[in-house]
Structure formats: structure tokens, C-alpha cells
Amino acid sequence: MMRSHRAGDLRPEHRGEQVTVCGWVDGHRDHGGVVFVDLRDIAGVVQVVLDPQHVQGADPHAVRSEFVLRVTGLVRDRPDGTINTELPSGAIEVAAEQVEVLNASDPTPIPIDERAEVDEVLRLRHRYLDLRGQRMQSNLRLRALVTRTLRKELDERGFIEIETPLLIASTPEGARDFVVPARLAPGSFYALPQSPQLFKQLLMVGGMDRYYQVARCLRDEDPRADRQFEFTQLDAEMSFADAEDVMEVIGAVVAAAIEAATGEPAPAVERITWHDAMERYGTDKPDLRFGLELVDVSEVFAATEFRAFQADAVKAIRVPDGGDFARNRLDGLIERAKSLGAEGLVWMRVQEGGVLDAPVAKFLSEAECIGLVDCTAAEPGDLLLLVSGDRSLVRRVLGTIRLDLGRPPVGEGPMRLAWVVDFPLFEAVDDDGNPVPAHHPFTTPHPDDLELLASASGPALLAVRSLAYDLVLDGWELGSGSVRIHRADLQQQIFELLGISPEQAQARFGFLLDAFRYGAPPHAGFAFGIDRLVMILCGEENIREVIAFPKTQSGADPLTGAPTPLEAVQLTELGLNVRPPTKKGG
RNA sequence: GGUCCUGUGGUGCAGUUUGGAGUGCACGCCGCCCUGUCAAGGCGGAGGUCGCGAGUUCAAAUCUCGUCAGGACCGCCA
């Protein structure tokens, strides 16, 4: 047996026991005679005392940081006055009798402790050292706890965990596919899944009733703080279930994971319509932890003489006590609005009696000033920020400025978890006049809007709602789901609207449409990003901190050097000819 | 594809605005001293392609251009 205990588990209750522990030298204090070693393992740190008079084996003075030691000795109380209250094991120490150096270590290129923020590319290049630090240890442990909880909750609800293929057929929709050349079919390629979407629907047709998977998904789109090429989703699908059933289950499961991770009761799952979210927060993923809501004041300026407000929409943010914003800060807000595409931004300071102090005040009627103050419930000392223009632009600009002004850091304050429901079925109309699906083409239209779907065309279709829903935590989109179309006639209608001919539909999704001919059960599902959830629970600003071996923003892995060119032999075997690089590399 | 920010001994920084000898700080590393420390302490020492390449200049870490790497964001992410 290598060890009798984990070093970091030792406590006063082990006093008098002969123990053997293994771990890394976290630090050492050499007094010339006695040497103190902080021995670190997965459980924590314990102080080992190496007295050259009594220690067998290794030379205590030769011990260095990150050496791997195996120590046998007696657990004893520390002398009076030397107890370390900072350490869970600080009341005791191990008086070493036998010390074995299991492995030496060069001085490490990055420090293992957390005192300084080390350049991330160095951390990634030496990730195996970075993982020894407290931050990654606790992040990855929390991640495991979250995944374990999700699995447990779904298992208890009758879900079956099923794996789906990684090598699948490419479909042109959605994100860019990662592809894998097929050696046995030169010139053909597999795609790596952007999500198990089609397969989980097939599982429902296959009578699996309730499916889930902790699924790796791959999308070849530029990485961001909250996006990697590969990420992990909790993917689920339910037969004979409607949107409420899915939201019930997923809400409860996510709440359980949050509770397990934080040790506190999970926040209630709130609900807001997509339309309300867009109107009040200017985004479909509102951060509900703070106010600064957008107020629609279009009515107030319906007949205004002021040219700038003669627009599709005028919206305002009331900044309580913002009247003392310095002029250069206000100028900064104007610049920000312009950089986001607005014509400009109008600010007004609210004074006693509802008088507005603003460069544009002279262009506004008294009724408009009164209406504005009334509509925004502004108090003296407040600041009003107004943007006008196309409604979607106004929402986006003020929604962004709202975040600039008040968004709390990740993990701060009580969490706010919400379903955003009644998403539009289509997000836009393309150049050919065909609507573009907001979710995916298998999303069921809202039953109340079926007539509109049948009668409307062009931009009027954008008003059609769907049975799609997003889960949003503190302003982060965790994931989305929908009730799927399971009837061929409705699916056909949607394909027609999308401008997909029956032949094209058959070519792209034929296997799914075929499957639906044989008694597909009504089904609905959801998928959400585990990386993002864990990131928020860890209070981290990017998902690389909750992934053991992430890639950089340019898609490189500083540890392994990926991606790399292939040997000519490999290319030949795969039937590939590679064009010489046009610009960089070589 | 674009915008902005960063790059200085092993690590984290200062120095760059206003060009003047690789200057400084903390940690780490090496050696010596030191028997109760826990960010141990004392003394001494080593360690540099100032990301890379051009240009301006008598002189460039510092100014200009290009380039590489990293980060945040836009585009993109059904």
C-alpha cells in the first residue's frame, strides 16, 4: 500500500497514529536543522517535520518544491504557539520517520500557488502544473459535482443515458462543421456533431421515451470567452411531453445542480416572454440581477416636433441618481451608442419639479417633458438616457448600454434563473424573402399562431411565435429547447416556408422524415451548456477555467501544439491534396 | 475578415508619455548560515534576443511600419 491516508485529510483525531502519506512539496522551510515541508495532495496540505536526527531515507535539506514524497511518521499535536489556524490540518503535524523521494522535480516554469495571475498561454502550455493549483482543482471538482448531480436527477426521473455517434453526416445548416476525411470513401467526409439533435429525435421515434446525454458538441466557429470549439451539453429529449413538462424537469434538474454546487437553495425559476425580454432588457438573455430596465416612451413622442425622436421607437433608461454623471462620461455613452449603430444618444438630467436639464430640452414640448418624467417615473437627481430609431436597433443599443452601466460581476448577488418563452419561429427574412428559422426547422409553431403562419408572408411571418424556450442564468444563455414537429404535414409546410423543396428536405433530413412516417411520438427537448453553468457557479469569467485542456482564441492548444500539418503519407491514405498555405504558416 | 488591449531574466510588475549604458522592485532559483517555521529569516550570487523584423536617429525597451503570439469584443455561433 502506497499510503494509509490522504495528506490533507489528517486532523487532530489522527493524533498518535502512524501514517504514510504521499504528495507534492508545496513549500519547505529549512532551518538548518529541522526542515518543515508542506505536503500537498488532492485533499489539501499537511505539515511534515523532517528532523535530520530522526529521519531515515532522504536528506531533508535536499528536498525541493514539487518533489514527490512518501512520508511515514507519527501524527502529533503541534507545540503550543505554533498552531496554524489558516490550515484545516493546522493543529497537527506529521513527525517523519521515513522519507522517500518518489520523484524529483525541476523548478517549475509557473508557480503552483495562486498569488499571481500567470499569463494564460503559459498556464495552458504547462496545464499539468496549472491543474495542481487550488483554482483548477476546485473548478474541476465542482464541475464533476454538477455533472454527477445532473445525471442523478435525470436518472431518478426515468431518463436513459444514451450515446450518439461522433462521426455523422454533414448538414449545411447551422454552424460550420468540423469534418473528418473518410479513408474508406476517398473524397467523402464525416462531420463531428454540432449537437445530437437529429439522433435524439430518432431515439424518441425508437421508443426510448426519455433520453439524456452529457454530450460533447463541436462547432467550427471563432472561440470566445464563453465559447470553445468543443463544449459539453446536457442534452435531453422527452416523448409524450409538452413545453411545460420539459421546463419543469430541466428547471428542477438545473436547480438541483446549483443547490449542490452552492450549498444554498437554488433560485426560483422565473419566466419572461421573449417579447418582454426584448422590450425591457433589449436582449433575449436578460440579466435580471439588476434594474435599469428599458422604458418605451414612443407614445410620449408620437407627435413630436423633434426630428431625432420621429422614429419607429424611442426607449429610455432611467439611471437613479445618475444626474451627477460627468460630461465626459456622458460623451462616452454617446460614443458607445454610436459605435453600436445608433444615430446618437440623448441624455437628460431630471431636476426638481420634473424640469429636464438637457441640450435637447429646448426642442421638446412641455407635455413631452411631463410625459417622459411620468413614463419613466424619474425622480430629481436621476439621469435619463434615450435612444431612438428602428425598434430592434433601439433595443440592442440600450440593452448593451444597460449592461455597461450596471451588470454585476459573474457570481455576484443572488442568482436569477429564468425561462425565456414564446420565441419567434423566424428571426429574419433572407434576401429571397424566405424566413430564417430562429431555432431549427423542426421547431413547432405556437398553436395560437397557426392561422397567422398559414396566411402571412414576408416580414409579417416574424410575428409567428414558436414553442421554443431558452434558459437564462444571470444574463448567460445556458441553453435552449423546443417542442419538435412530429407530423409530416406541418413539417412539410415549414419546409415550404423556409424555401426548402421536398427534394432538398429529403436529401438533407430524409432519414428523419422517413422515421417520422412510422408513428413518431410527440416529443420535446432541451440542451444546455455545462461549461457555462459551471463557469458561473465557479465565478469565472471564461469557460477555459472550467475545462481541463482548453484551446486558445485562435483554436490552438499550447500544450500539444495542435493543430498540426499531416504527413504526406497520411494525406495520401486519406485521398487528400492540400493546397499550400496562402498567407501564414508553411 | 474587423476593432481595441497586452508582450521587459523562470514568474509577476515598474520603466515606454518626454529616445541617452539592460536600470529597479517582489517572488522563484543556486550557495553559505540558521532547530518551531508556515509568504520562515540573514548574507552572497547567477539569470536578459526588452516577442520577432525592418525603418527613423549619433543613439531605440521607449518613436514609425510590418509581423507573430495571447486576450476582450464585432462578424460568425440554425
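Below, chain A is the first sequence line, B the second, and so on; all start at residue 1.
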Participant: Looking at K551(A) and E230(A), is there a salt bridge between them, counting it only when a charged N and a carboxylate O are closer than 4.0 Å?
Facilitator: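 Yes, charged N to carboxylate O under 4.0 Å.
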
Participant: Let's test this: given Watson-Crick or G-U wobble pairing with both distances under 3.5 Å, identify the partner of G20(B).
Facilitator: C58(B)

Participant: Among C77(B), U35(B), U37(B), find the nucleotide with the atom closest to the side chain of V34(A).
Facilitator: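 Among C77(B), U35(B), U37(B), the one nearest the side chain of V34(A) is U35(B).
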
Participant: Report the base-pairing partner of A46(B) (Watson-Crick or G-U wobble, both distances below 3.5 angstrom), or none.
Facilitator: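 In the structure as shown, A46(B) has no Watson-Crick or wobble partner.
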
Participant: Is it the case that the base of G36(B) and the side chain of E93(A) share a donor-acceptor contact (distance under 3.5 Å, atom types as modelled)?
Facilitator: yes

Participant: Just wondering, do H31(A) and A40(B) stack (centres under 5.5 Å, planes under 30°)?
Facilitator: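 Check passed, H31(A) stacks on base of A40(B).
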
Participant: On a whole-Å scale, what distance lies between the C1' atoms belonging to G71(B) and G51(B)?
Facilitator: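 It works out to 15 Å between them.
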
Participant: Ignoring the backbone of Q47(A), work out which of G70(B), C77(B), U37(B) is nearest its side chain.
Facilitator: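 Taking heavy atoms from C-beta onward, the closest nucleotide is U37(B).
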
Participant: Using both distances under 3.5 Å as the test, list the Watson-Crick or G-U wobble partner of G75(B), or none.
Facilitator: none

Participant: Once hydrogens and angles are ignored, does a donor-acceptor distance under 3.5 Å link the base of G70(B) to the side chain of R123(A)?
Facilitator: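 Under the 3.5 Å cut-off, the side chain and the base do not form any donor-acceptor pair.
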
Participant: Scan every strand shown for a Watson-Crick or G-U wobble partner of C65(B), both distances under 3.5 Å, and answer none if you come up empty.
Facilitator: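 In the structure as shown, C65(B) has G53(B) as its Watson-Crick or wobble partner.
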
Participant: Is there a donor on the side chain of R125(A) or the base of G10(B) sitting less than 3.5 Å from an acceptor on the other?
Facilitator: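 For R125(A), whose side chain was compared with the base of G10(B), there is no donor-acceptor pair (under 3.5 Å).
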
Participant: Could you tell me how far A61(B) sits from G53(B) if I compare only their C1' atoms? Round to whole Å.
Facilitator: 16 Å

Participant: So what's G41(B) paired with, Watson-Crick or G-U wobble, going by both distances under 3.5 Å?
Facilitator: C33(B)

Participant: For atom CD of E343(A), decide whether the heavy atoms of other residues, nucleotides or ligands shown that lie under 6.0 angstrom number more than 12.
Facilitator: no

Participant: Any N or O donor-acceptor pair linking the side chain of R29(A) to the base of C34(B) at under 3.5 Å?
Facilitator: no

Participant: Which part of the nucleic acid, if any, lies within contact of D113(A), taking any heavy atom under 4.0 Å across all strands shown: a base, the sugar-phosphate backbone alone, or nothing?
Facilitator: nothing

Participant: Please report the interatomic distance CD(Q233(A)) to CZ(F528(A)), rounded to the nearest 0.5 Å.
Facilitator: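 Here the interatomic distance stands at 9.5 Å.
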
Participant: Under 3.5 Å for both donor-acceptor distances, Watson-Crick or wobble: does C25(B) have a partner, and if so which one?
Facilitator: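 Pairing partner: G12(B).
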
Participant: Report the nucleotide, chosen from G1(B), G71(B), G36(B), that has the shortest atom-to-atom distance to any side-chain atom of D222(A).
Facilitator: G1(B)

Participant: Looking at R227(A) and C77(B), is any side-chain donor or acceptor paired with a base atom of the opposite kind under 3.5 Å?
Facilitator: yes

Participant: Once you round it to whole Å, what is the distance between P of G36(B) and CG of D38(A)?
Facilitator: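 Spelled out: CG on D38(A) to P on G36(B) is 17 Å.
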
